[in-house]
Each structure stands twice: as C-alpha cells, then as structure tokens.
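Both ligands and their constituent atoms are indexed starting at 1 by order of listing.
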Amino acid sequence: MTPEEMIVACCTDLAGKVRGKAFPAVQFEKRMKRGIGWTPTNVQITCFDTIAESPFGSLGDLVLIPDEAAHVRVELGGGIEHFALGDISYTDGRPWEFCTRSILKEALERLRKVAGVSLLGAFEHEFQFRGGSSPLGDAFSTASFRAERRLAETLVAAMRAAGLEPDTFMKEYGAGQYEVTMGPSRGVAIADHSTILRELLRAILAESGREITFTPIRDPAGVGNGVHIHLSFLRGEHPATWDPNGKHELSTLAGQFIAGVLKYLESIVALTAPSAISYLRLTPHRWSAAFNNLGFRDREASVRICPVSELSDVAKAAQFNFEFRAADASASPHLQLAAIVHAGVQGIEEGLPTPDATTEDLSLLEQDALEALGIVRLPQSLPEALERFARNGTVTGWFPDGFADVYVKHKRGEMAFLEGRTEQEVCALYEQTY
Ligand code: GLU
Ligand code: MG
C-alpha cells in the first residue's frame, strides 16, 4: 500500500445511495476508533441531489466509523477499489437514529431476543447496461454470456477478494439485463455484501467506461430490475427454517416470520421498494410482486418458498430458504432488511399462523375474493406506500424516534423533484441516479 492510497468510509442512506468520505488508508486504525466527521442533514440529500426538509438544518455533528468487517480492498486492472462500510454515531458513540446499519443491527438483535435465531441470507441483483443496443433473441443465451465473460470473471475474482461467495451470473430476460447472485452471509453482512457487490460492479465497469443501472424499471413497458432477498434462520449453527411436517415444509418460526412479513408488507414496501417508479414494477405479470401473498415456488409472489435440490450434497434443511421479492435497488439494503426482519419478528411475537400459498392469478380476482383470501393489493404509488407506512403505528414504532417523519419528508423531497415530468422522463432520471 502506498502512503497516498485512500480509503472511503461509507454507508447506505435513506436515498439508497452509498455515501462517505475518503482518508489516507494509513489512518485506518485511528479512524476505526474515532471515525470521520459526518453531518445530520446529509440524510436528507435525495437521489436527485436536492435536500429534502431537514429537522437538523446546519446543526449537529456525527461520526461515520468504518468497520473492519466490511472493509474491501480489491485490485482491479486499472487501480484499487478501497472502502469500508460503517456506522454513524453521535460523537459520544451512541448510534445515530438515522444510521441504516445500526437500524438493521437493532432488528437482528430483536430477532435474536424474540426467537433465539440468527439470519442467513443473500441479495440477488438484476441490472441493465445503459446505452448501446441490445441484440434481439439474447435472453439467457450463451452468446450474451460470452459478450460479458470478461466482466463476469473480473467480478468473480473481485467478489472472492472481498469475501463474497460468487454464485451465478446470467443474461436475464430484459434488454441488456444481467443478474448476479452470491452465496449467503450472516446478519448485517447480508446487507453489507449487497452494497459491496453493487460497488464492485460499478467500479469494474467504470474501468471500461461502461455504465449500468439498477433502477427498478427503465421503461414502463419493459421488465423491471428486481432485488430478491433470500432468507433462512440458524439456531446456533443449525438450520431452523425447514420442518418436513410443517405447512409448506416451513418450521413454525419461519411460518410466523413470513406471516408477519406479509401482514405488514403494505406498510413496509415504502422502505423496500422506495422510489416513485418502484410501483411501475410492482404490477401483475412482471414476475415481481403485486399482492402480499406467499407462493410455493411462484415468481409472482411477494414471498416465494424456493426450491431445494434433491441432487445436492448439502442437506435439505440447510438449503431451504424463502425469498422476498417486493424489493428493488433504489433502497438501502440495510433499511430494506431491517424492515423485513422487524415485520417477521412481529409475526413471531403475534404467533401468526403459516399463511396459505396462493396458486391462482390474483390479478383476476375481484376485491371481495381477495378479501376472503386475506390478500391485499400492494400500494400502487409511492405516496400511497408512504401513507400506509406513516399511519401504521406498529411499523413506525420499530424504528427510532423521529425516523418515520424524516423518512417521509425525504421521500416527499424526492417526489417534488419529479413534479410535472412525464413517466418516461421520470424513468430516465431514476436510470441516471441508480
Ligand atoms: N425482473 C423481475 C423483477 O423485476 C424478476 C425476474 C426473475 O424472476 O428473476 O423482479
Ligand atoms: Mg432474475
């Protein structure tokens, strides 16, 4: 390491951005203790660089403290990618109410206290190349993998170097759309690794001057870029999600957790799919999620029980997991996961029964038929999602004092920037920022 090498201490924020400050890497030890200065109003910087109404104004001082456990140093062809995710605290060390990573830690701690388990999981990301044309007939094709083999192999090496477990890389169905998956990690690392993966991808592509976007949807007529969050539980070192005698083979704990996620989904989607265009993606027949339903291997369900392979040498109990699909990359992965975990733990506390899995096309059902099944259509716009979040006292109560109010103001600031623009223009703006 040269004396001039810099490292960025950073975190994911309410805008789903990764922001931070750089310092000479030789200071890392010192900065892990005292951090770097941070400003409360930064949390109101929207994804469009406007500053939403802020209760902090120009006041206050915080520190962003990089975490060795989320430290990434990877040599790429043309340079070095060096950063560490961290937590934002007051200068006396107390966690700051709007630090997304601290909020996630709280949620995981609640899961541990209430259910005695820890979380294992992985984010799956879809993204699209910007600019250029996308050849016809290339979905999942070998030709389109070949076109990006170099990228895939550079990424796999970078993931390994960063402590992420490479899994698959594929040409997805959409125009210029690819997908990358990784092996599971534990606890806060689940969200850290999602952030690290996105940063590595962008860094690798920046070297060749190419740009990608993780935007929820580029074209209202096209497919979306989803984030699928795979989850399972560990009690000590033992898988605790599968029960061969449980409904849908879910353990009681997993069934209650999923029931909580689905019960509160309409009120947390403002955190898991938080852009104005997220609601263009969360519509039927896009293989995303439009209702608060459980699916047994159904890719239109908000929570899908994933298949296990009978051919694998990994035990079924260890493979068994479910995936949350009402998420996209305009969110902070830390906040997304915190909301899901809190909803799930709420379901455990309430002792909710394992939900039935739906098998029909819910978009064909009338309102009363949906009600009979206990199914709710998810919010169809960001204002509606924010409204359902803000008015649910149980949900806002999971977060630190003042969080919900600041979050809603942040999102209002984001929406104000979009006023008077067409849907296409709005999509183009999100494509630029994510
Ligand atoms: N692109 C879809 C989405 O927006 C997901 C397709 C898939 O099942 O992988 O979530
Ligand atoms: Mg996919």
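The two atoms that bring F98 and F403 nearest to each other are CE2-CA, 3.4 Å, heavy atoms only.
With ligand atoms numbered from 1 in the order given, ligand 1 contributes 2 (C), 3 (C), 5 (C), 8 (O), 10 (O) to contacts under 4.0 Å with heavy atoms of W287. Set against the non-hydrogen atoms of E172, the atoms of ligand 1 under 4.0 Å away are 6 (C), 7 (C), 9 (O). Heavy-atom contacts of G226 reach the following atoms of ligand 1: 3 (C), 4 (O), 10 (O) (cutoff under 4.0 Å).
Residue R286 has no nitrogen or oxygen atom sitting less than 3.5 Å from a nitrogen or oxygen atom of ligand 1, judged on distance alone. For ligand 1, the polar-atom distance check finds no N/O of E124 at less than 3.5 Å from any of the ligand's N/O atoms. Taking any N or O of V223, backbone or side chain, none lies under 3.5 Å from an N or O belonging to ligand 1.
Cation-pi contact between R421 and F417: present, with separation from the ring centre below 6.0 Å and deviation from the ring axis of at most 45°. Taking the centre and axis of the six-membered ring of F389, the NZ or CZ atom of K411 falls outside the cone set by 45° and 6.0 Å.
What sits closest to atom 1 (N) of ligand 1 on the protein, heavy atoms only, is E126 OE1, 2.7 Å. In terms of protein heavy atoms, atom 10 (O) of ligand 1 is closest to R281 NH2, 2.7 Å. Atom 8 (O) of ligand 1 has as its closest protein heavy atom R325 NH2, 2.8 Å.
Looking at E126 and the Mg ion (ligand 2) together, the shortest N, O or S contact belongs to OE2. Minimum-distance N/O/S atom of E179 relative to the Mg ion (ligand 2): OE1. Restricting E172 to its N, O or S atoms, the one at the least distance from the Mg ion (ligand 2) is OE2.
Side-chain N/O atoms of D361 and H285 include a donor and acceptor closer than 3.5 Å. A donor-acceptor pair shorter than 3.5 Å cannot be found between the side chains of D243 and S251.
With a 6.0 Å radius and a threshold of 12 heavy atoms from other residues, nucleotides or ligands, R297 has its CZ atom above the threshold.
Proximity of a side-chain donor or acceptor of Q319 to a complementary backbone N or O of S309 within less than 3.5 Å is detected.
Going from atom NE2 of H334 over to atom CD1 of I190 covers 10.0 Å, rounded to the nearest 0.5 Å.
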